[in-house]
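Heavy-atom basis, side chains included; hydrogens, waters and symmetry copies ignored. Please read all numbers here as calculations on a predicted model, not as lab measurements. Per chain, numbering begins at 1; letters A, B, ... match sequence-line order.
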Protein chains: 2
Amino acid sequence: MSITREKIMELGETLIRTKGYNAFSYQDISSELGIKNAAIHYYFPSKENLGTSIVRTNIQRFEEMLENMHSRGFDEWQQLETFIKIYIKSHREQKLCIVGSLGPDFNTLNETTKTELVRMTEIILKWLADILTKGRDKKLFFFKEDPQNKAVVIFSSLVASLQLTRIIDRLDYKNIYQSITENLKP
Amino acid sequence: MSITREKIMELGETLIRTKGYNAFSYQDISSELGIKNAAIHYYFPSKENLGTSIVRTNIQRFEEMLENMHSRGFDEWQQLETFIKIYIKSHREQKLCIVGSLGPDFNTLNETTKTELVRMTEIILKWLADILTKGRDKKLFFFKEDPQNKAVVIFSSLVASLQLTRIIDRLDYKNIYQSITENLKP
DNA sequence: TTGGTTACTTACTTATTAGTAAGTATATTT
DNA sequence: AAATATACTTACTAATAAGTAAGTAACCAA
């Protein structure tokens, strides 16, 4: 694959996760990469194409991570911690996650990008509910609530804690992430 | 105060909470209200003024709600439930909250709007940490974590659950909100 | 009755946006 | 050697954005 294409996608993702979908333009990318905006249209005819591709790549990355964890035989705690580490890294890089940055712009997205964002969110929530269920069966996790609701609450906490630490940067995010998992312990 | 001014602010808030700050324009407001865009500039010289005014009004509304709850002698459970009801209402209206809609756009906001958004978030988190602390002292709430972190986690769950239910609308939000408070019980 | 204030409209500017059509240099294939 | 595909640039268009200067109609006070 083209290296320019990859650079466009990488920078596009960074822009979505720092400024938001509706605040970034092809000019932001072209000036940063030292190319013309028509070059971006060559790879991604419309902004819709770029947005959709970025979400698809994120889905792929997530699925690769799942395969990787599975092949290493990670238990449910290890899997949850690996997922949370993505958010700690995002926080360090001062970026939101894709779901948290595109979610609020959902109504302004085109249909294909919406579809992929829905798919990504469903995949994450399904996986999270699954490991919560399995982890509870194996007596690794302890909680009373329905695993699906619990999954939404945990995922919500992760998504929005990135948004809140952006607003108030003195927040001690490591303890926040610990609080999220705290009530899964006996 | 002018009724047109109030209509502009109300519609502006709705637009921020449905489309996001960077996706709405003065034209959206002017065409909806049947006025010219210059009329909006008459009341709010720049978009910055409008955004800041909207956040300030939200802060005021929140503080009035606190006073109201205090004068009625609400205990900590009643206060928390009243706050959660705001989110249930937002969900019903298919709107995000101000913090959840402006947070992701934080880097693109002007300084005064940023300042007010920070102030609003701090006020909410401080109040939430306070009632968590008092409620635990009075043995109404039961939790081990630091109240400040717990406040961030609860608030994050509320903020992002609105975003997630927008993406996946089959989510059973009533149970989600119940899950949030579930682990405050003994 | 004159002067000022309020609440706008008219008509505009400047900047930026996504997007396109046509051209070009380089490399690859036939 | 000729044709073709790749990876762009040049040069533009049409739409929309925020913002402004000047005008106007209605009302209110001195």
Side-chain angles (χ1 to χ4, degrees), chain A residues 1-55 101-102 104-114 116-117, chain B residues 1-55 101-102 104-114 116-117:
Chain A
M1 233 197 274
S2 161
I3 195 150
T4 302
R5 193 191 145 93
E6 273 171 28
K7 278 184 184 171
I8 292 167
M9 284 191 64
E10 198 188 320
L11 185 52
E13 182 177 328
T14 295
L15 287 166
I16 288 174
R17 294 171 61 193
T18 51
K19 301 178 65 174
Y21 185 79
N22 292 307
F24 94 90
S25 70
Y26 273 28
Q27 211 178 359
D28 290 334
I29 296 177
S30 61
S31 61
E32 172 81 24
L33 296 185
I35 56 178
K36 301 293 157 185
N37 76 323
I40 308 173
H41 283 283
Y42 172 73
Y43 290 104
F44 304 96
S46 71
K47 206 178 170 182
E48 162 173 3
N49 288 282
L50 178 56
T52 305
S53 297
I54 288 168
V55 180
S101 47
L102 290 182
D105 295 334
F106 193 76
N107 293 336
T108 71
L109 300 175
N110 39 71
E111 289 309 312
T112 56
T113 313
K114 270 184 188 168
E116 293 304 309
L117 185 59
Chain B
M1 233 197 275
S2 161
I3 196 151
T4 302
R5 193 192 146 94
E6 271 170 30
K7 277 185 186 170
I8 292 167
M9 283 190 65
E10 198 188 320
L11 185 52
E13 181 177 328
T14 295
L15 288 165
I16 288 174
R17 294 171 62 192
T18 51
K19 302 178 65 174
Y21 185 79
N22 292 306
F24 93 90
S25 70
Y26 272 28
Q27 213 177 357
D28 291 333
I29 295 177
S30 62
S31 61
E32 173 81 26
L33 296 186
I35 55 178
K36 300 294 157 183
N37 76 323
I40 308 172
H41 281 284
Y42 171 72
Y43 291 104
F44 304 97
S46 72
K47 206 178 171 183
E48 163 173 2
N49 288 280
L50 178 56
T52 305
S53 297
I54 289 168
V55 180
S101 47
L102 291 181
D105 295 336
F106 193 75
N107 294 335
T108 71
L109 300 176
N110 39 72
E111 289 310 311
T112 56
T113 313
K114 270 185 189 168
E116 292 304 309
L117 185 59

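If you take NZ of K47(A) and C1' of dT16(C), they are 12 Å apart, rounded to a whole angstrom. The distance from atom CG of N49(B) to atom P of dA18(D) is 13 Å, rounded to the nearest whole Å. At whole-Å resolution of the value, CG in N110(A) and C1' in dG19(C) are 15 Å apart. The NZ atom of K36(B) sits 15 Å away from the C1' atom of dT24(D) (whole-angstrom rounding). Put simply, CG on L50(B) is 10 Å from P on dG19(D), counting in whole angstrom units. Rounded to a whole Å, the OH atom of Y21(B) is 10 Å from the C1' atom of dA18(D). For H41(B) and dT10(C), the NE2 to C1' distance is 14 Å, given to the nearest whole Å. The nearest whole Å value for the distance from the CD1 atom in I40(A) to the C1' atom in dT10(D) is 15 Å.
The listed nucleotides are dT10(D), dA18(C), dA18(D); the one nearest the side chain of A38(A) is dT10(D). For Y42(B), the listed nucleotide lying nearest its side chain is dC8(C); candidates were dA21(D), dC8(C), dC8(D). Closest to the side chain of Q27(B), out of dT17(C), dA17(D), dT9(D), is dA17(D). Taking every side-chain heavy atom of N37(B) into account, dA11(C) is the closest of dA11(C), dT20(C), dA17(D).
Look at Y43(A) and you'll find a side-chain N or O under 4.0 angstrom from OP1 or OP2 of dC8(D). Side-chain nitrogen and oxygen atoms of S46(A) include none within less than 4.0 Å of the OP1 or OP2 phosphate oxygen of dA18(C). At dC8(D), one or more side-chain N or O atoms of T4(A) fall inside 4.0 Å of OP1 or OP2 (strictly under the cut-off).
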For Y43(B) and M9(B): C-alpha separation, side-chain torsions, deciding distance, then whether side-chain contact (heavy atoms from CB on, under 4.5 Å) applies. CA-CA 10 Å; Y43(B) 291 104; M9(B) 283 190 65; over 6 Å; no
Would N110(A) and T52(A) satisfy side-chain contact (heavy atoms from CB on, under 4.5 Å), going step by step from the backbone distance to the final call? CA-CA 9 Å; N110(A) 39 71; T52(A) 305; 4.2 Å; yes
Given K114(B) and L109(B), is the side-chain contact (heavy atoms from CB on, under 4.5 Å) satisfied, shown in steps? CA-CA 6 Å; K114(B) 270 185 189 168; L109(B) 300 176; 4.0 Å; yes
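Taking the ring centre of Y42(A) as origin, the terminal cationic atom of K36(A) falls outside the region bounded by 6.0 Å and 45° from the ring axis.
The 12-atom threshold is exceeded at CD of E48(B), counting heavy atoms of other residues, nucleotides or ligands nearer than 6.0 Å.
Across all strands shown, F44(B) has no heavy atoms under 4.0 Å from either base or sugar-phosphate atoms.
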